[in-house]
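We name chains A, B, ... by the order of the sequence lines, and we start the count at 1 in each one.
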Number of protein chains: 2
Amino acid sequence: MKKYVYYFGEGDASMKTLLGGKGANLSEMSTIGLPVPAGFTISTEACIHYYENNQSWPEGLEDQVQKSLDRLEKETGKSFGDPNNPLLVSVRSGAPASMPGMMDTILNLGLNDEAVEGLAKLTEDKRFAYDCYRRFIQMFGDVVMGVKRELFEELLDEVKAEGEVKLDTDLDAEALQKVIDKYKALYKKETGEDFPQDPRDQMERSINAVFNSWNNKRAITYRKLHKIPETWGTAVNIQLMVFGNMGSDSGTGVGFTRNPSTGVKEFYGEYLVNAQGEDVVAGIRNPKPIKDMAQDLPAAFEDLKKVYDILDEHYKDMQDFEFTIEKGKLYMLQTRTGKRTSAASIKIAVDMEKEGLIDKKTAVTRVEPKQLDQLLHPQIDRSQEIQVLAKGLPASPGAASGKVTFDADEAEAMGNAGEKVILVRPETTPDDIHGVNAAQGILTSRGGMTSHAAVVARGMGKPCVAGCEAVKIDLRKKEFAVKDVVVKEGDFITIDGGVGEVILGQVKTIPPLLSDDFKLLLSWADEVRTMGVRTNADTPADSQKALEFGAEGIGLCRTEHMFMAPDRVPAVQKMILAQEVEDRKAALDKLEPMQKADFKDIFRVMQGKPVTVRLIDPPLHEFLPSLEELLVEVTTMQVKGVEGPEREEKENLLKTVRNLHEANPMLGLRGCRLGILYPEIVEMQVRAIMEAACELTKEGVKVIPDIMIPLVGHKNEIKILKEKLEEVARQVEKDMGIEVPYSFGTMIEIPRAALVADQIAEFAEFFSFGTNDLTQMTFGYSRDDAEGKFLFFYEENGILEESPFQVIDEDGVGELMKIGVEKGRSVRPDLKCGICGEHGGEEKSVKFCYKVGLNYVSCSPFRVPLARLAAAQAVIEEEGTVQASSTA
Amino acid sequence: MKKYVYYFGEGDASMKTLLGGKGANLSEMSTIGLPVPAGFTISTEACIHYYENNQSWPEGLEDQVQKSLDRLEKETGKSFGDPNNPLLVSVRSGAPASMPGMMDTILNLGLNDEAVEGLAKLTEDKRFAYDCYRRFIQMFGDVVMGVKRELFEELLDEVKAEGEVKLDTDLDAEALQKVIDKYKALYKKETGEDFPQDPRDQMERSINAVFNSWNNKRAITYRKLHKIPETWGTAVNIQLMVFGNMGSDSGTGVGFTRNPSTGVKEFYGEYLVNAQGEDVVAGIRNPKPIKDMAQDLPAAFEDLKKVYDILDEHYKDMQDFEFTIEKGKLYMLQTRTGKRTSAASIKIAVDMEKEGLIDKKTAVTRVEPKQLDQLLHPQIDRSQEIQVLAKGLPASPGAASGKVTFDADEAEAMGNAGEKVILVRPETTPDDIHGVNAAQGILTSRGGMTSHAAVVARGMGKPCVAGCEAVKIDLRKKEFAVKDVVVKEGDFITIDGGVGEVILGQVKTIPPLLSDDFKLLLSWADEVRTMGVRTNADTPADSQKALEFGAEGIGLCRTEHMFMAPDRVPAVQKMILAQEVEDRKAALDKLEPMQKADFKDIFRVMQGKPVTVRLIDPPLHEFLPSLEELLVEVTTMQVKGVEGPEREEKENLLKTVRNLHEANPMLGLRGCRLGILYPEIVEMQVRAIMEAACELTKEGVKVIPDIMIPLVGHKNEIKILKEKLEEVARQVEKDMGIEVPYSFGTMIEIPRAALVADQIAEFAEFFSFGTNDLTQMTFGYSRDDAEGKFLFFYEENGILEESPFQVIDEDGVGELMKIGVEKGRSVRPDLKCGICGEHGGEEKSVKFCYKVGLNYVSCSPFRVPLARLAAAQAVIEEEGTVQASSTA
């Protein structure tokens, strides 16, 4: 006969799947000698059977419940329905995963017309006993029989009105007796039966009610939201009732074994004298700090202090527990792993290791990588009063205040003048880069989490609130409005990119926490992880920041961002507009020293760590004014009849822009295709890289340039370019009389590249998965279009569980990565494979990269710590070496 | 010791790789008793060794050459350098694949100062002997020693001037002796040595020269162009010289065993009396038809007639051969499989089967599928005089004449009025569909082989010349110019889409050939092939045409083309502009009866064959005016200060178009994404399909509607839509009280769909590979952009061997197809898989589809015969059951 019922003490904390979280921990606490009110758990298997078999109990369950009940009666000396010493129990759900408040609970079960008198005698408190009974009838009627709660409430109000009292607590025993009579009549009217007097009957029906509540609407919704499988089922806990509301020697409370906000090891918690658990939760009375218990309930407090130590040491993780004191005696009702802030999670992990409770690897798994984000950006000091104007998407964390400006050039000018600015745009384009760079933060009214503004801001580690539709921008008037509030250029606002808030005025922020504990924990992570962590950085400042955060190199240095600087745009445009190769070369000659200087600065900062430089990638028209803009200008001139060189120039520019215009620029003339058509551009870039590297090497600075050719889809592309560019590299070495350890590789960002990775690896010395573009093409989603047009709908309606631009789509994009790595290494076993898409800074994706066998991930500087931690956790998860946290 | 030298008769026609085409067939002809001048072949392996070993001969080669030479001397009774009976040989290249004129030949080898006298004696013709010698010195000097040919020509001219003669043939023996002296002096001056007198030395150096000519520039270029591997090498044929120029009992000629133009079995060929082979080729004298030989050279003609029969019967394919008659004796110098027109290839294949020479399967392989294209479109009668104005890309075959018009509406109006028009546009867009439909042919000045115009024209089987840059279109003036020639609206032009020509005026065309032989051959193909052939058709007319060509169903019926009809555009636009679902539904209600009528017409034509209807696919903005156009209109109104409802309307329209505007529409809101966001659109379509099907079924017409959901990339997309649409389908069945065998499937056109095909096949009842889009996304090529911007460069420079939009890229796109089919069938073993991209009508791609295991291909109506033939050849090639054509 299968075992469905576990008496407390028969199970342990590891049996959460079978006994649910609550049941497993009640058993565990019983075993280690903590004062748990006696009881037993019906396993989730019984619930699963119940659903699989037309809502019937499995064979043996009834018998096992009966035997456990017999044991409970024996141990407590109480018995069901005993008019002298009645057994009262609670019947509670308890799923393997926490689903707080989603399922049903029945308290005070076992009361009937006789037992209530016994309870009254026993407690010498008639009022208390009647109140328990009327609550039980109401709960049972509501939860088990579906009698509407309001109908009970109406009757209660009637009696209160009759007695001319306002509060439930003002009703005396006599009045409560009247309530009980009315409740029973209501129950009969609604259900067609008398209120059940047999406690065993009450219990059986309550157990079924808990089973049924697994499939109530709110539970289903919650499971969907939290991705809890429907098939798990819930356990049912039947436990002796204890009462914290039996006078001033009773009470109830919650505690944390460490401070969940700071992580400090101290007695942390709250309690209420003469109250039940729900009173603490309901917040009707203000609970007192736990230390006050030393005065109010000194003996119980001594017991509780021991419990703190036992729980913390036994579970080896911070516990969040509930307790009740009944007439001076302490009872433990629940314990579970406590939620905590990111700062606390780090401190607790590090402290516990120091205390010898857990090992370093376990400590490393105790911090959620994504929590680190909170710690690395300034935060708004929430103790001050703030006026939140609007909420948008939390696109890039951190808080920033500044003067509003609507124009990138203006932002730059103000920034140069030492002013703090927030750049406010409907959306940003690559043309606005210098403005983004100069601004403290970005606010856009359009675009999603992966819009241009969001991506660039995250890359730069700047706060950004994106897609804030409530903000109505009027670019002509240079102002924006949120309902009645109008904010003009130059007014101060503050944005909090971590939560998406737009706040009026300047508000105080607190600097990011970079505690020693934090650094120590990451150093442990570094000991464990095998995958490298690099950064995506285009400037010396970003590179420096990334180094501070532990980056081991640059995985992606985008050279085109260097083209966007306003002092370079004229030369860049001249290069693009050139009709002849010679003109183009002349323009490139002007750009070369600038690029070289950029590279030297970055190489110098990176101190001999590898720097992966990507050759020019975006389509050339991104460096020119927009077609629409020009069209309006030219049409205006034409209609107005403006003549002369200005019009001619504009018309010519329009012609060029139109020639360069593409139906789908994403899939057009960009990446290595540019290099193949206009080799002089990439030759200039390689020359600049190599000259920078050679010059620094001569100065004694070690430089490792990895030159990355983007958008390769066919082996001939990299073959041709590599041959051409290696010649340039060798020539520079020859001219400078020195050698540097350069290499040529490619991004794998075109689906075909992954599919023919073996062919490409013949020429590529390294791969870097460009998962942004790879995701776009594998899904056929243009990020710019999809975010706003249908992706939100897909996510909202569960068509996609999460945006593939945030978390790597393992089935599709991930499959291509697997194929790419395998095929690539089949011809070049030591092929270095990395990732430089934004996924390189996302926890799940980093762990997937480890599984696929990548050598490194690369992410924006502010994500480097996250990646270090996630990379370590990936190893530990694979090894299975983490010490089980009993309640985690 | 490896055998490098094969005496004629030691090899056979199957040994082309080793002996080259010429050598293998000379051996074969010797074996079957045809009169081949004796000789031997040095194998390609010797050439390969030569190149792999620093241009040295393999061990044994010298010895084997010597032995063969001994045998040759013995057999002919002549010997090298014999002043009485000198042996003269030719040394010719002969590669495994025909490379006509690309490599070098040396004739009359063996002549020296003594032998020339012997030849003079033997032939009793001093002039002839000296002419042979001077030609040999020139050839040897040029080919072997690199002495410039012009230098020899100059000397010849000098002597002619001295003798005051004009033609070479006017030089007498004495003059030629002078030429020889001058040639030898020149040779010495240029090479520093005397002209070699030892024939063995001459020969060794000539063999090396032929080896070397394998790698001359023109041969390399030719190989690249014809994809002949460099590693093959060439064989060298050394053969007794025979002379067709030894008097009126001598001659030379070429013959075909069947008429290469019509395929009729007859003596076909030309010859010249008293001439050498090069005279026929050079075209200096006009050759006579072969039948005249009966009078001129009656005995040789009788022998030749026998050769005709022997060759045709022996090789079992039409032969193209060369012969020489020396003093009345016939010698065969070469035979190979003859090139032929498509009409001839069909007739020959069918006739040979009837004659019992080949079996049906072999006949099926004897016609190149792509040749069929020629037969299915009207052709220009090339016997008339035509004025070719310009050449563009041969985008869609066939010839058409009509009046020039520059506007789709105008084209339609003229078409409706019964006029023939050629639509001339810089490029076409979906807005022009009705104009394309009404026109006889399309001419564009921009866009490539897969531009919109090209694709649509091919789909409709209409002639199209695309990307004709010489044509400068002035839309305002309604005219185009090619240099000085200006063609105005209403002028007649003719286009030939098979060759890309634009011709001034109307010219006569010949109707397409649909011979009985053609039909018979295709019926044999049908017996062999296992893969179905369907068509892509959106109209009853196209469907009808496809049925006539043997289509077995519709593989792709695009419903949006039905939205493009001018009388429907208002309703379609209303539907798109609708703000509320109810408004959208109202607009859809108007469209529904139209769609239903369309489907009924098509279903009726298809007579119970499956019809795969694709639900709406393109982004909605394709149905609205262009953003640029509106921007200009609105700006103009604004600048002019126009006020009122017209401006307001335009501004609103601009706003909508801008809202719908996408950065990369290819990867935006289209396909099933539309259906998920606006289910009412696809619900209407399914209702229309099902009502049409049910109504016809009631009338007794069998209908099999396969409903295809486009652009699925995630299983949830098809899951949701299928559930929703199947409900609609069932409801229609219920309402109509009848059932039809409908099914729901999807296009596999997103890379991810192929990668997760197992998940998708849970819901999809069939797959159709949309290789157009799949290619775009797998390569990251936007077809519209890539063609004009870089794909031409890629093809020209050999980065891509062929456009992946024309021939399936087997390594990338093909790999995804393989994965898709395998994964799909892993969960649904009987999953029907087809292809409906344009590749379904391309030979190599059709064969690849067979290898991958597709159930059918679908292509435009005019490609159906091609696909039937290619599908049959795929089976035969896999079986290896074709009878080897000895010279093929």
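What you find for A:Pro665 and B:Ala663 is that their closest heavy atoms are CD-O, 3.3 Å. Nearest heavy-atom pair across A:Ile799 and B:Asn716 is O-ND2, 2.8 Å.
Contacts with chain A were tallied for B:Asp773, B:Asp811, B:Val756; B:Asp811 has the most, counting heavy-atom pairs under 4.5 Å. With respect to chain B, the highest number of heavy-atom pairs below 4.5 Å among A:Glu815, A:Met666, A:Lys715 belongs to A:Met666. Counting heavy-atom pairs under 4.5 Å between each of B:Leu755, B:Leu627, B:Leu816, B:Leu711 and chain A puts B:Leu755 at the top. Across A:Lys719, A:His714, A:Gln776, A:Gln638, the residue that shares the most heavy-atom pairs under 4.5 angstrom with chain B is A:His714. In terms of non-hydrogen atom pairs under 4.5 Å with chain B, the most contact-rich of A:Lys640, A:Glu628, A:Glu749 is A:Glu628. Among A:Gly713, A:Gly668, A:Gly780, the residue making the largest number of heavy-atom pairs under 4.5 Å with chain B is A:Gly780.
For chain B, the nearby part of A:Gln759 is the side chain; its heavy atoms alone come within less than 4.5 Å. For B:Arg658, the part sitting under 4.5 Å from any heavy atom of chain A is the side chain, from C-beta outward, and nothing else. With a 4.5 angstrom heavy-atom cutoff, B:Asp809 touches chain A only via side-chain atoms. With a threshold of 4.5 angstrom between heavy atoms, B:Ile720 approaches chain A through side-chain atoms but not through N, CA, C or O. For B:Leu631, the part lying near chain A is the side chain, with the backbone staying farther off; criterion is any non-hydrogen pair under 4.5 Å. In this structure, chain B has heavy atoms under 4.5 Å from both the backbone and the side chain of A:Ile676. When heavy atoms are compared at a cutoff of 4.5 Å, A:Ala786 does not approach chain B at all. Looking at B:Phe793, only its side chain comes within 4.5 Å of chain A, counting heavy atoms on both sides. Both the backbone and the side chain of A:Val632 come within less than 4.5 Å of a heavy atom in chain B.
Under the 4.5 Å side-chain criterion, counting only non-hydrogen atoms from C-beta, A:Thr635 is in contact with B:Thr636. For the pair B:Arg783 and A:Leu667, the minimum side-chain heavy-atom distance is 4.5 Å or more.
Atom NZ in A:Lys789 sits 11.0 Å away from atom CG in B:Leu677 (nearest 0.5 Å). Atom CD of A:Glu717 sits about 7.0 Å away from atom CG of B:Leu800, to the nearest 0.5 Å. Of the inter-residue distances, the one linking A:Tyr794 atom OH with B:Arg673 atom CZ reads 6.0 Å to the nearest 0.5 angstrom.
Atom CD of A:Glu469 has 12 or fewer heavy atoms from other residues, nucleotides or ligands within 6.0 Å. In this structure, A:Glu762 places its CD atom where more than 12 heavy-atom neighbours from other residues, nucleotides or ligands lie under 6.0 Å away. Shown here is B:Glu802, whose CD atom has more than 12 heavy atoms of other residues, nucleotides or ligands within 6.0 Å. Heavy-atom neighbours of A:Lys823 NZ from other residues, nucleotides or ligands within 6.0 Å: above the threshold of 12. Enclosure of atom CD in A:Glu801 is not indicated, since only 12 or fewer non-hydrogen atoms of other residues, nucleotides or ligands lie within 6.0 angstrom.
Remark: side-chain polar atoms of B:Asn664 are not paired, donor with acceptor, to backbone N or O of A:Ser782 under 3.5 angstrom.
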